[in-house]
Amino acid sequence: MKWNFPRWCLNPWLHTSLLFILPILLASALQPWLTSYSMEKRFTQDLDNIATDFASGLDGFEQRSVEQAFVELSFSCDSEDIALLNSPSLSPAIVRFIQLELADGRQCSNIGPPVHYQFDRFRSLFIDSQLVDIATTVVANDRARSIAYIFHLGEQRLVVLTNSSVYNETLSTLCHGCYQLMIGYQGLSSLERGVEDLLQTQTFIEDSRYISVLDVTLTLRAGDELYWREASRVGIVLFISALIVAFLAVIFYWNWQSARVSMGILIQKGISRKEFIPYYQPIIDCRSGEVVGQEMLVRWRRFDGVLVQPNQFIPYAEDSGLILPITDLILEQVYQDLPQLKGWVSVNIVAQHLESGLLSQWFSSHPDPRAKRISFELTERKPITQFELALAEMKAVTPLCHDFKLDDFGTGFGGFSYLQRLGINSIKIDKMFTDTIGTQDLKGAVLDAIIAFGRESQMDMVAEGVETQAQVEYLAAKGVYQHQGYFYAKPLAFEDLLTFYQNLSNKK
C-alpha cells in the first residue's frame, strides 16, 4: 500500500519544526517519571547519609571525647575541668552542653555553673563495652525534645545533651525545607527534626533505617518541596538535552536534505550529459549454452570517469521521479544497440513508468520492428497505486514489445496479485531464493513452490543470481532453463558484451 500525503506534509520546514519540537515534547513526557525516579534515588541517598552520620557522630564522640575526658579530667570541677569540658573535643557542634557530675554531689558544665535538666524516660545500652544511659528531655512536643547521653565511670557521670539544631542544619543542608526526620529510640519518646509542616499534596515518600548499635530507628519523610526541586533540576537537564538533540537532528536533517538536493542536481546534470549508460548481463539457455537475451542494468559513468553504483542513485531517482527521464535516455541507447544484440533485452521499470504512460509514448515515436525485442521487468520495490492506468498502459504496450516480466518475484508488494490483475506470464526468480540451493535455508521450500507454480501456470521463468554448477543443475532438473548470473557473465558494457558473444562462439 502506498500512502499519498498532501504536499504540505513534505515541506522541509514542517519537518524541521517537528524535529525541533518532538525532542522537547518527549522530554516533557519523560519528566514526571524521571522526577519520581530521581526523587526516590536522592531520598534514599540522603537517608543513608543521615543514618551514617548519626551513628558515626555518637560512636566517634564516645570513643574519642569521652575516653579522653575520663583520662584527663581531675574530677574536682576546678577551672581546669571546666576548661576541658569547654574544649572543642568535648563540646563539638553536636553537643548543647556537657556536664560533669561527681559522686560528692558537685557539678560543673562547659558553660561553668551546673545546668538543671529533667528527663522523662531512660534506657541503658552498651556502646563499645561502655555503659551509656540514654534519656529524653521533658518538653511540650516532639520538636523541642532533646536526647541526653549519660556516661558512667564508677560513681562519676558525664551528661551530654545533644544540640537539636545540628540535625535541623543537616537536613537543611541536604535540601532546605524538604525533610522531616523522626528519631525513635526503643522505649523512649520520639524526636522530630526538620520542617514542622510537611506539604504533601503532590507526593509523599517515607522510609526508615535501623541502627542496631544504638537501637534507634531514623524515619525520614519528604513531600512536595523535594519533588518540585527535583522536577526543576530534572526539567533543566531534560530541556538542555532536548535542545541539543533537536539542534543535532535539525543539522543532520538539513545535511541529508542538502545531499538529496545535491544528488538531484547531479542526476539532472547526468541526464543532460547522457552519463547514464546501459550495461548488459546475458541470459543463457543452459541446455544449448546460447544467449537468449540480456537484462539491461543502468550504470552512471560521470563526466570525471567515476562509476556510481546503482544503489547510490536508483532509490533517489525512483523517489524523486527522475527515473523516468533516465529510462527515456537509456531506452534510446538500448534502441541503438539492438541491431548487434542477441535475443531480447529486458529494461527495468517501476510503477511510475506504467502510471505515467512513458512507455507507450516512447513506442509511438519508435515504430521500428526491432523495438519488438525490448522486454520490461516490473520491479516490486514500490506498489502500483493506479491500477487502471497501469493496466491500460500495459495493454497498449504489450503488442509492441517482447513481453512483461515480474522481477524479483516473491520479494515485493505485488507477487501473485500482479500476475493475476496485470496478466503477466513471465517471472524472474530472485537471487535470494537461488542462493538457497544446496543449503538448509527454509527459503529453499519457497523456491520449489515458486518453480512449481511457474510450471503449473506455464510461466516463462528466468533464474537470477546463478553462480555455481550445482545451482545450474538443480534449476535445470526443476525445468528452469533460462539462467542469469555470474556463473555465465557479470553485467558488461556494450563493447565487452560483444566480446563475450565472440568468445562464446569460439568455444563452440
Side-chain angles (χ1 to χ4, degrees), residues 2 4 7 263-280 293-301 310 313-341 343-408 412-414 418-419 421-426 428 460 494:
K2 183 177 180 181
N4 293 312
R7 292 187 63 86
M263 176 62 71
I265 294 173
L266 289 174
I267 290 176
Q268 290 173 1
K269 289 183 178 179
I271 294 170
S272 64
R273 294 169 178 164
K274 298 184 178 181
E275 295 175 352
F276 295 94
I277 57 176
Y279 269 50
Y280 301 96
Q294 42 268 307
E295 179 182 357
M296 189 283 299
L297 300 164
V298 64
R299 295 293 185 263
W300 182 7
R301 188 179 298 281
F313 69 90
I314 291 293
Y316 177 83
E318 291 181 355
D319 290 339
S320 63
L322 289 172
I323 193 66
L324 300 181
I326 290 176
T327 303
D328 195 46
L329 174 64
I330 287 294
L331 276 174
E332 193 63 39
Q333 296 182 57
V334 170
Y335 181 75
Q336 299 299 324
D337 293 343
L338 272 174
Q340 300 183 69
L341 298 179
W344 41 264
V345 181
S346 285
V347 176
N348 285 286
I349 60 172
V350 293
Q352 290 174 287
H353 291 96
L354 298 177
E355 295 168 346
S356 66
L358 171 72
L359 304 182
S360 57
Q361 295 173 19
W362 187 86
F363 275 99
S364 65
S365 61
H366 296 78
D368 194 311
R370 60 177 160 165
K372 180 74 175 175
R373 295 167 54 197
I374 296 178
S375 175
F376 295 103
E377 295 185 14
L378 177 60
T379 65
E380 297 185 84
R381 285 190 294 270
K382 293 190 175 183
I384 296 175
T385 58
Q386 302 179 62
F387 258 94
E388 288 73 16
L389 291 177
L391 189 57
E393 178 73 354
M394 289 187 65
K395 287 181 178 180
V397 173
T398 297
L400 306 175
C401 70
H402 182 269
D403 67 359
F404 281 89
K405 296 176 172 59
L406 189 58
D407 195 19
D408 305 329
F413 286 95
Y418 278 13
L419 297 179
R421 300 180 66 180
L422 298 176
I424 297 175
N425 58 7
S426 181
K428 297 194 74 175
D460 187 27
F494 177 66

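- Note: Q352 CD to I323 CD1 = 8.0 Å, rounded to the nearest 0.5 Å.
- Of the possible donor and acceptor atoms, one in the side chain of E393 sits under 3.5 Å from a partner among the backbone N and O of S360.
- Between V345 and D337 there is no side-chain heavy-atom pair separated by less than 4.5 Å.
- Note that the OG atom of S365 and the CG atom of D328 stand 7.5 Å from one another [nearest 0.5 Å].
- Interatomic distance, K428 NZ to L406 CG, rounded to the nearest 0.5 Å: 11.0 Å.
- Ring geometry, F376 versus F363: the interplanar angle exceeds 60°, so the pair is classed perpendicular (tilted spans 30 to 60°).
- A donor-acceptor contact shorter than 3.5 Å links the side chain of R373 to the backbone of G343.
- Taken from NZ in K405 to OG1 in T379, the straight-line distance is 14.5 Å, to the nearest 0.5 Å.
- With contacts defined as side-chain heavy-atom distances shorter than 4.5 Å, the pair K269/E275 does not qualify.
- Between F313 and L322, every side-chain heavy-atom pair lies at or beyond the 4.5 Å cut-off.
- With a 4.5 Å cut-off on side-chain heavy atoms, L354 and Q386 do not count as touching.
- Summarising the geometry, atom CZ belonging to F276 is positioned 4.0 Å from atom CD1 belonging to I326; distances are rounded to the nearest 0.5 Å.
- The shortest distance between side-chain heavy atoms of L422 and I384 falls below 4.5 Å.
- Within the 3.5 Å criterion, the main-chain N or O of W344 finds a donor-acceptor partner in the side chain of Q294.
- Counting heavy atoms from C-beta on, the side chains of M394 and I424 come closer than 4.5 Å.
- Taking a 6.0 Å sphere around CZ of R421, one finds it holds 12 or fewer heavy atoms contributed by other residues, nucleotides or ligands.
- Side-chain contact between V397 and W362: absent, with no pair of heavy atoms (C-beta onward) separated by less than 4.5 Å.
- To the nearest 0.5 Å, atoms NZ (K372) and SG (C401) are separated by 6.5 Å.
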Does F404 form a side chain to side chain contact (heavy atoms under 4.5 Å, CB included) with I349? I'd like the steps, not just the answer. CA-CA 10 Å; F404 281 89; I349 60 172; 3.9 Å; yes

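- At a threshold of 4.5 Å between non-hydrogen side-chain atoms, the residues M296 and N348 do not count as touching.
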